[in-house]
Trainee: 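Please read through the structure below; I'll follow up with questions.
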Amino acid sequence: MKKIQLHDTLSRKRLDLVPEDGNTFRFYCCGPTVYGPAHIGNFRAFIAQDFLRRVIELSGLKTLHVRNITDVDDKTIRESIKSGVALKDFTTGWTDQFHKDANALNLLEPHIEPSAVEHIPEQIELIQNLIDKGNAYLSEDGSVYFSVHSYSDYGKLTKIDQRDLQAGAGETANDADEYTKDNVCDFVLWKAKKSEDGDNFWQSPWGDGRPGWHLECSAMGMKYLGESFDLHAGGVDLCFPHHENEIAQSEACTGKTFARHWFHNEHLMVEGSKMSKSLGNLYTLSDIIGRGYTASELRYSLLSGSYRTKINFSFDRMNEARINLQKIANIAYRLGGIDSYEDLCDIAVRDSIEMGAFESSWGALLEDLNASAALGELFGIIKNLEKKLVNGNLSESDKKICRQGLSVIVNAFGWILPEPDSLKQAVEVPEDVKVLAEQRWQAKCDKDWSESDRLRDELIALGWVIKDGKEGYDVESVD
RNA sequence: GGCGAGGUAGCAAAGUGGUAAUGCGCUGGUCUGCAAAACCGGUAUCGCGGGUUCGAUUCCCGCCCUCGCCUCCA
């Protein structure tokens, strides 16, 4: 089977995705900061990562997927204190909520989901290492900073020139911290205890305090995936400074390449601008469901454009998702259903999966997860298949292969399909509706068109639509 | 100012040096008493101006516009 190709932010090239150990693809995703409900923009990132993982696994590779929970940082501490709940309880509540949403969106569970607050010893060790190597220094207030000057490759991910950093420093510096830094671009590894942090501090060789945000991902990534691993993922906004800093502190410490491949998804936009609380254009999964849409429809929407392109969220887009998912569900039903993800992965590990007519759609996914092209191919294939099914030109063995091919595509996108239309007719029709429908059919048979049309309008008003056939009719619920 | 993404039909969105997938919508047809549903078909010369080329939407140069990052952020 063809290799997966994926764009790499660091080299800015499309590269073959190959696990370093030739066996298991090890990757790290920056997880949620659990201080409130994740919004659908956050989920775009997690869905993109899930999509990547599914394609990798369906192509026959094993993965080791680590996604952290950020449960100690400025925001979690601030919000927990504001709500009067202990940090641990506060973050546990939002972590649970995140899991519920992730589950509804059919995200595969990461193999390891480390919590930052439970890895403080590892973070302290990393800091000590950096101090010993001369890459970090202690400031007067007991904080520890990473010295950007000490790492000559600083800025390689986002192509930042150190001179530019210094030039821009005067404008972007945080006044409160400025005097403690050799260079304003130095970033904090260990934050000295402050009164506003309440009880949320830990002991360290440099006094009480807490770890800096950038550090946790380096510490946990290296702990679970090794000093060098296959891929690191996150939203584009994390490129700088978060990932740039992760690279600096990790590589300064180990002298090895931190992540071999960088995967960044673009933002989700709403009404043409970035989703944010201040603009009031922020949606959570609950908001979407409250509007009558399903999590799967959201998932379809968020994957219907390239992960590297901004997507403008809209309810028109959600409606389109609904219609298309229904179309896919209908063909899936006619082919005999969808095979489970686990079964498909089992086959993929042993052998390449036969894609049959769906080869072109799958091929598009292997080329930098080209979802748009894959969907384009998919609908073309579906159209052909329907024609064959109608004409009875699809043999049982072809049908079986098609079912498998479609199953791979459906599972790669991770859609949970709705009931096919043909099963929806089984929905219980109320007696009075049945009576009206029967009366209409009679009127129609009697060629009493005005009465027939009147009864049909009446049924529509009740929310039922008549679909006439040659020998009879069906009654279906509108929507 | 620095870095980055993007401008393709009403909307969404791929793609390619040789006259542009796909989905929604719209529209014509078949079917129907008329509809609905279904099926068949139609629907763009690719931001603007130059250049390279036999030929550019696709390559190069300039310009305009949109958006993101540069402070926390998926």
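All values derive from a computational prediction rather than experimental measurement. Proteins get letters first, then strands, A, B, ... in listed order; numbering begins at 1 in each. Excluded from the calculations below are hydrogen atoms, water molecules and symmetry mates; all remaining heavy atoms, backbone and side chain alike, are included.
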Trainee: Taking the ring of A:F51 and the ring of A:F413, is the distance between their centroids below 6.0 Å?
Mentor: yes
Trainee: Say you pick atom P in B:rC46 and the same atom in B:rU19; how far apart are they, in whole Å?
Mentor: 15 Å
Trainee: Over how many whole Å does the gap from A:R308 atom CZ to B:rA5 atom P extend?
Mentor: 8 Å
Trainee: Rounded to whole angstrom units, what separation is found between the NE2 atom of A:H267 and the C1' atom of B:rC73?
Mentor: 7 Å
Trainee: What contact category does A:G376 fall into here, base, sugar-phosphate, or nothing, at under 4.0 angstrom with non-hydrogen atoms?
Mentor: base
Trainee: Stem list for RNA chain B, please, built from Watson-Crick and G-U wobble pairs under 3.5 Å and keeping only runs of at least 3.
Mentor: B:1-7 with B:64-70, B:10-12 with B:22-24, B:25-30 with B:38-43, B:47-51 with B:59-63
Trainee: Could you tell me whether the side chains of A:E438 and A:Y473 share a donor-acceptor contact shorter than 3.5 Å?
Mentor: yes
Trainee: Partners of A:H65 by side-chain hydrogen bond (donor to acceptor under 3.5 Å, both in side chains), sequence neighbours excluded?
Mentor: A:R53
Trainee: A:R12 side chain N/O closer than 4.0 Å to the phosphate oxygens (OP1, OP2) of B:rG4?
Mentor: yes
Trainee: On RNA chain B, check which nucleotide each of A:W213 and A:A374 is closest to and give me the residue with the more 5' one.
Mentor: A:A374
Trainee: Go through the structure and list residues passing side-chain hydrogen bond (donor to acceptor under 3.5 Å, both in side chains) with A:R14, not counting sequence neighbours.
Mentor: none
Trainee: Give a yes-or-no answer on whether the side chains of A:Y307 and A:D368 include a donor-acceptor pair shorter than 3.5 Å.
Mentor: yes
Trainee: What is the distance, rounded to the nearest whole Å, between atom CE of A:M269 and atom P of B:rA5?
Mentor: 16 Å
Trainee: Looking at every heavy atom in both A:V72 and A:E216, which two are closest together, and how far apart are they?
Mentor: O-OE1, 4.2 Å
Trainee: For residues 31-48 of chain A, run the donor-acceptor check on the side chains, cut-off 3.5 Å, and write out each pair with its distance to 0.1 Å, sequence neighbours left out.
Mentor:
| residue | atom | partner | partner atom | Å |
| --- | --- | --- | --- | --- |
| A:H39 | ND1 | A:N42 | ND2 | 3.3 |
| A:H39 | NE2 | A:N42 | N | 3.4 |
| A:R44 | NH1 | A:E266 | O | 3.2 |
| A:R44 | NH1 | A:H267 | O | 2.7 |
| A:R44 | NH1 | A:T309 | O | 3.0 |
| A:R44 | NH2 | A:S306 | O | 2.8 |
| A:R44 | NH2 | A:T309 | O | 2.8 |

Trainee: Set out, line by line, the N/O atom pairs under 3.5 Å between protein and nucleotides 57-59 of chain B.
Mentor:
none

Trainee: If you look only at pairs with a residue in residues 99-115 of chain A, which of them pass as a salt bridge (Lys or Arg N to Asp or Glu O under 4.0 Å), with sequence neighbours excluded?
Mentor: A:R67-A:E113
Trainee: Distance check needed: B:rC73 C1' versus A:N265 CG, whole Å only.
Mentor: 12 Å
Trainee: Is it the case that A:D316 and A:S314 place a side-chain donor and acceptor less than 3.5 Å from each other?
Mentor: no
Trainee: Would you give a per-nucleotide map of nucleotides 11-16 of chain B, 5' to 3', where B means the base has a protein non-hydrogen atom under 4.0 Å away, S means only the sugar-phosphate does, and - means neither?
Mentor: -SSSS-
Trainee: Between A:I460 (CD1) and B:rC34 (C1'), how many Å, whole number?
Mentor: 12 Å
Trainee: Base, backbone or nothing for each nucleotide of nucleotides 35-45 of chain B, written B, S, -, heavy atoms under 4.0 angstrom, 5' to 3'?
Mentor: BBS-SS-----
Trainee: Please check this pair: side chain of A:E476 against backbone of A:W464, looking for a donor-acceptor N/O pair closer than 3.5 Å.
Mentor: no
Trainee: With rounding to the closest Å, how many angstrom separate the P atoms on B:rA5 and B:rC59?
Mentor: 14 Å
Trainee: Looking only at atom P, what distance separates B:rC39 and B:rU22, rounded to whole Å?
Mentor: 16 Å
Trainee: If every non-hydrogen atom of A:E246 is compared with every non-hydrogen atom of A:C30, which pair is closest and at what distance?
Mentor: OE2-SG, 3.8 Å
Trainee: Give the rounded distance in Å between these two atoms: CH2 of A:W449 and C1' of B:rG33.
Mentor: 4 Å
Trainee: With side-chain hydrogen bond (donor to acceptor under 3.5 Å, both in side chains) as the test, pick out the partner of A:D16 among A:H261, A:Q5, A:K3.
Mentor: A:Q5
Trainee: Can you work out whether A:E377 or A:S450 has the more 5'-proximal nearest nucleotide on RNA chain B?
Mentor: A:E377
Trainee: Should the pair A:H264 and A:W262 be assigned to parallel (<30°), tilted (30 to 60°) or perpendicular (>60°) ring geometry?
Mentor: parallel
Trainee: When the side chains of residues 369-386 of chain A are checked against the rest of the protein, which donor-acceptor pairs come out under 3.5 Å, sequence neighbours left out?
Mentor:
| residue | atom | partner | partner atom | Å |
| --- | --- | --- | --- | --- |
| A:N370 | OD1 | A:A373 | N | 3.0 |
| A:S372 | OG | A:S304 | O | 3.4 |
| A:E377 | OE1 | A:S360 | OG | 2.9 |

Trainee: Look at all strands and tell whether A:D453 reaches a base, only sugar-phosphate, or nothing, counting heavy atoms closer than 4.0 Å.
Mentor: base
Trainee: Counting only side-chain nitrogens and oxygens, does A:K447 get under 4.0 Å of the OP1 or OP2 atom of B:rC34?
Mentor: no
Trainee: Between residues 32-41 of chain A and RNA chain B, which residues have a heavy-atom gap below 4.0 Å?
Mentor: A:T33, A:H39, A:G41
Trainee: Name the closest nucleotide to the A:I323 side chain, picking from B:rC70, B:rC24, B:rG68.
Mentor: B:rC24
Trainee: Applying side-chain hydrogen bond (donor to acceptor under 3.5 Å, both in side chains), name anything that partners A:K191, two or more places apart in sequence or on another chain.
Mentor: A:D74
Trainee: How far, in whole Å, is B:rU57 from B:rC3 if one measures between their P atoms?
Mentor: 30 Å
Trainee: Taking only the C1' atom of each, what is the distance from B:rG15 to B:rU8 in whole angstrom?
Mentor: 10 Å
Trainee: Base, sugar-phosphate alone, or nothing: which one does A:L268 contact when heavy atoms must sit under 4.0 Å apart?
Mentor: base
Trainee: For atom C1', what is the distance between B:rA13 and B:rA44, given to the nearest Å?
Mentor: 13 Å
Trainee: Starting from P on B:rC73, measure out to CD on A:E266 and report it in whole angstrom.
Mentor: 17 Å
Trainee: Assert yes or no for the condition that the ring centre distance of A:F258 to A:Y28 is strictly below 6.0 Å.
Mentor: no
Trainee: To the closest 0.5 Å, what do you measure between CG (A:L225) and CG (A:D230)?
Mentor: 8.5 Å
Trainee: I'd like to check the side-chain hydrogen bond (donor to acceptor under 3.5 Å, both in side chains) partners of A:S11; sequence neighbours left out, ordered by chain and number.
Mentor: A:D8
Trainee: Taking only the P atom of each, what is the distance from B:rU16 to B:rG10 in whole angstrom?
Mentor: 24 Å
Trainee: Nearest-Å distance, OH (A:Y283) to C1' (B:rA74)?
Mentor: 18 Å
